[in-house]
Amino acid sequence: SPRKAGQFDFVVVGGGMAGTCAAISAARNGLKVALVQNRPVLGGNNSSEVRVHLGGRINLEPYPALGNLVNEIGPEKGGNAQPYAYYEDEKKLRAVLNEPNIRLFLNYHANSVEMNNGRIERVRATNIETGEKVVFEAPLFADCTGDGTIGMLAGAEYMTGRESRDVYGEPTAPLKADNLTMGASVQWYAEKNDQPVA
């Protein structure tokens, strides 16, 4: 049986930029937080593992402070498929480790949920290196997995593809719904070396 991970007010599953910011924000507001990430680094797409530029529109009304935390922990340099150092994995890690209210669980893949009256009560995870199983309990959970894994496991309604323009009134949405999704990318970064390297 899995060991209990600890006592938490809020469990964030997914350590990409959204999950990392959610965990830090909650911790700074006094919550005891578990941040569960199934990789050895934080940042998700904006980590040295994936190397996608961090972007987005921030500091806009009616939420002029929205995005300040992203600016605080995000990398200084931008661009896709750039050198490892551009993504500043250590900066994100330090920001999380500097928060006394956060307990970080790197390399733990959340793979099941337990429900009670339509609410998530527990999330179970397995360490991808050791196979150790843990269970997270809290009154609040955030699915920041990027693929909506926890919501799907909990039975939440979801959709794929693009909704039609009339669903939300978005002027750039297609007139008719379709099943298109964002494509997969494989990015490479190479450096010339004058001698053999491991």
Side-chain angles (χ1 to χ4, degrees), residues 5-60 63-111 113 120 122-129 134-154 156 182 185 187:
Q7 292 288 119
F8 303 105
D9 302 309
F10 185 42
V11 174
V12 178
V13 183
M17 290 303 290
T20 301
C21 288
I24 292 171
S25 181
R28 289 179 180 176
N29 279 286
L31 297 182
K32 296 290 184 192
V33 179
L35 177 56
V36 184
Q37 166 70 331
N38 65 356
R39 303 295 307 139
V41 297
L42 296 171
N45 285 338
N46 185 241
S47 71
S48 63
E49 286 190 318
V50 186
R51 302 188 187 197
V52 173
H53 176 69
L54 180 61
R57 299 180 70 196
I58 62 172
N59 303 121
L60 302 174
Y63 307 105
L66 186 66
N68 290 345
L69 189 50
V70 173
N71 281 344
E72 179 185 327
I73 70 169
E76 296 294 319
K77 295 181 178 180
N80 292 331
Q82 295 301 312
Y84 166 90
Y86 274 44
Y87 301 93
E88 298 185 56
D89 295 337
E90 288 299 318
K91 182 178 183 181
K92 298 168 189 124
L93 180 62
R94 269 193 320 274
V96 168
L97 295 178
N98 285 337
E99 295 296 333
N101 283 341
I102 297 178
R103 187 149 168 229
L104 179 60
F105 294 84
L106 291 176
N107 293 316
Y108 281 88
H109 181 73
N111 48 29
V113 302
I120 297 173
R122 291 178 194 85
V123 169
R124 293 174 183 261
T126 303
N127 186 294
I128 63 172
E129 293 180 324
V134 295
V135 62
F136 297 90
E137 296 178 357
L140 296 170
F141 290 86
D143 183 348
C144 297
T145 59
D147 289 320
T149 303
I150 301 305
M152 189 277 301
L153 290 171
M182 184 179 287
S185 298
Q187 300 185 88

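Predicted model only: the values in this text are computed from it and were never measured.
- In terms of heavy-atom proximity, Val33 sits nearest to Ala26 at CG2-CB, 3.8 Å.
- A 4.5 Å side-chain heavy-atom check between Asn107 and Pro40 finds at least one atom pair inside the cut-off.
- With sequence neighbours left out, Glu129 forms a salt bridge (charged side-chain N to carboxylate O under 4.0 Å, His left out) with no residue at all.
- For Tyr84 (side chain) and Ser48 (main-chain N/O), no donor-acceptor pair under 3.5 Å exists by modelled atom type.
- Annotation: side chain of Ile150 is not in contact with side chain of Phe141 (no heavy-atom distance under 4.5 Å).
- Applying the side-chain hydrogen bond (donor to acceptor under 3.5 Å, both in side chains) rule to Thr149 yields no partners; only residues at least two apart in sequence or on another chain are considered.
- Here the closest heavy-atom approach between residue Leu35 and residue Leu42 is recorded as CD2-CD2, 4.1 Å.
- Nearest approach of Cys21 to Ile73, heavy atoms of both residues: SG-CD1, 3.9 Å.
- Under the side-chain hydrogen bond (donor to acceptor under 3.5 Å, both in side chains) criterion, Asn29 pairs with no residue, sequence neighbours left out.
- Summarising the geometry of Ala22 relative to Phe10, their closest heavy-atom pair is O-CE2, 4.0 Å, with the distance given to 0.1 Å.
- The side chain to side chain donor-acceptor pair (under 3.5 Å) contacts involving residues 34-47 comprise Asn38-His109, Arg39-Glu49, Asn46-Lys92, where partners must be two or more places apart or lie in separate chains.
- Here Asn68 contributes atom CG and Tyr63 contributes atom OH; the two are 15.0 Å apart, rounded to the nearest 0.5 Å.
- In terms of heavy-atom proximity, Ala110 sits nearest to Val123 at CB-CG1, 3.7 Å.
- Closest approach of Pro64 and Asn59 over heavy atoms only: O-ND2, 2.8 Å.
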What donor-acceptor contacts under 3.5 angstrom involve side-chain atoms of residues 94-105, with partners at least two apart or in another chain?
| from | atom 1 | to | atom 2 | distance (Å) |
| --- | --- | --- | --- | --- |
| Asn98 | ND2 | Arg94 | O | 3.1 |
| Glu99 | OE2 | Arg28 | NE | 2.8 |
| Glu99 | OE2 | Arg28 | NH2 | 3.3 |
| Asn101 | OD1 | Lys32 | NZ | 2.9 |
| Asn101 | ND2 | Ala27 | O | 3.1 |
| Arg103 | NH1 | Ala5 | O | 2.5 |

N/O donor-acceptor pairs under 3.5 Å from side chains in residues 74-83, not counting sequence neighbours:
| from | atom 1 | to | atom 2 | distance (Å) |
| --- | --- | --- | --- | --- |
| Glu76 | OE2 | Lys91 | NZ | 3.3 |
| Asn80 | OD1 | His53 | N | 2.6 |
| Gln82 | NE2 | Asn80 | O | 3.1 |

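- Using a 4.5 Å cut-off on side-chain heavy atoms (C-beta onward), Asn71 and Ile58 make contact.
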